[in-house]
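See structure below.
Chain letters run A, B, ... following the sequence lines, proteins first, then strands; residues in each count from 1.
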Amino acid sequence: MFCVKINKKGATMSIRLGYACINSTLSSHKPRVTTNRTMIKRTFLAKGLPYVSELIEKNTEDLLKILQWNEEHGITLFRMSSDITPWASKYRFEELPGYEKILSNFQKAGNFALAHGHRLSFHPGAFCCLASPREKVVQNAIIDLNVHGKIMDMLNQPRDHNAKINIHVGGAYGEPTVSIERFCKNFDRLSEATKTRLTLENDDKKNMYSVKMLYEGAYKVLGIPIVFDYHHHKFCAGGMSEHEALEMAASTWGNIIPNCHYSESQCIEKNIKCSPTAHSDYVYNKINDYGLNLDVCLEAKAKELAVLKYREMFENHEIALRNVV
DNA sequence: ATAGGTCAAGCGAGG
DNA sequence: CCTCGCTTGACCTAT
């Protein structure tokens with residue numbers, strides 16, 4: 001079924017664009033506006049929770065500022081940075097001296113998002129391996145994921161995949177079928193706040209997880225929706241075309257708008273030798289939605305500027321054309 | 001103020 | 001064996 005969204009100007013569009021973690025415009029302001037204040041281990045050990053609390057208070061204040069900037073620029077899809085709460089797997093938020101303020105900041109930001117129809121998400125790090133054969137690694141992954149679930153709760157976000165916490169399976173260990181079974185077993189150990197929001201993304205390495213493998217190994221077992229990454233699919237297609245893989249991923253979302261990632265290769269953009277999986281600053285091609293209604297997070301180094309540029313290249317142009325016709 | 005080296009965690013790919 | 005890439009450049013010290 002084809003759904004059409006109407007934006008404020010009354011134009012039709014079937015892709016909502018967003019970006020990840022950093023607003024480059026605001027982070028170059030003085031004083032800078034960022035949610036990415038963090039610290040190295042030595043500083044964490046030396047300064048402890050009071051300093052952590054101080055940074056999180058600033059980060060959470062700035063989250064609201066970024067969302068306000070997004071609202072002013074018509075961007076309603078945003079992936080939050082896990083750096084917003086540095087070292088959060090090592091303490092409980094309630095232990096922080098500024099906890100009340102932090103909770104309040106989170107609530108303000110989350111309520112702003114709800115009030116203006118913004119969709120927020122997380123993408124916890126590559127170190128988060130729920131499929132690991134090593135129990136200690138799994139325990140760390142569970143703690144880290146549950147921190148993200150807790151933050152989504154503090155943000156008053158729904159306990160469903162609108163407020164997604166997206167990860168990769170984390171490792172195939174040469175036996176992907178066995179490893180994704182282990183992933184499913186460990187999924188049960190997560191908190192409700194996390195389980196209800198968790199999604200899985202296809203990998204960019206051919207010995208890891210394609211959309212089809214995620215579908216068979218995790219969606220059919222647990223109902224976990226699949227985030228389709230256009231760029232990754234090029235390196236791990238699992239025998240499917242882009243269209244087929246996107247359709248399959250989109251079918252896992254029920255009544256929630258499917259979330260996708262889109263990026264392009266830096267070596268092509270810059271005409272240099274580099275890893276083909278490294279991301280470009282901007283994106284240059286029109287994203288094919290194959291007639292689906294999608295939320296697409298641009299993974300481009302220029303961040304929000306890449307969203308604005310994409311719109312200039314494609315959406316404004318289309319609107320202009322439509323007005324002519 | 002800025003440059004340069006360094007930085008929690010896991011895994012897989014490539015040299 | 002080492003480095004890179006990944007959710008992301010930011011932190012910290014010396015100058």
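Counting heavy atoms from C-beta on, the side chains of A:Leu246 and A:Leu294 come closer than 4.5 Å.
Comparing C:dT7 with B:dA13, their P atoms sit 16 Å apart, to the nearest whole Å. Comparing the same atom, P, in B:dC7 and in C:dC2 gives a spacing of 16 Å after rounding to whole Å. With P as the reference atom, B:dT6 and C:dC4 are 13 Å apart, rounded to whole Å.
With a 3.5 Å ceiling on both atom-pair distances, the Watson-Crick or G-U wobble partner of C:dC12 is B:dG4.
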Using a 4.0 Å cut-off on protein heavy atoms (strictly under), produce a 5'-to-3' string for nucleotides 2-15 of chain B with B for base contact, S for backbone-only sugar-phosphate contact, and - for none. -----SBBBSSS--
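In this pair, A:Tyr262 and A:Tyr230 present their aromatic rings perpendicular. The plane angle is above 60°, beyond the 30 to 60° band. Using cut-offs of 30° and 60° for the angle between ring planes, the A:Phe228 and A:His233 rings count as tilted.
An anti orientation is assigned to C:dT8, its glycosidic angle lying beyond 90° of 0.
Taking the six-membered ring for Trp, A:His123 and A:His261 have ring centres closer than 6.0 Å.
Distances shorter than 4.0 Å separate none of the side-chain N or O atoms of A:Arg37 from OP1 or OP2 on C:dC12. Applying the 4.0 Å criterion to OP1 and OP2 of C:dT8, one finds that A:His123 has every side-chain N and O outside that range.
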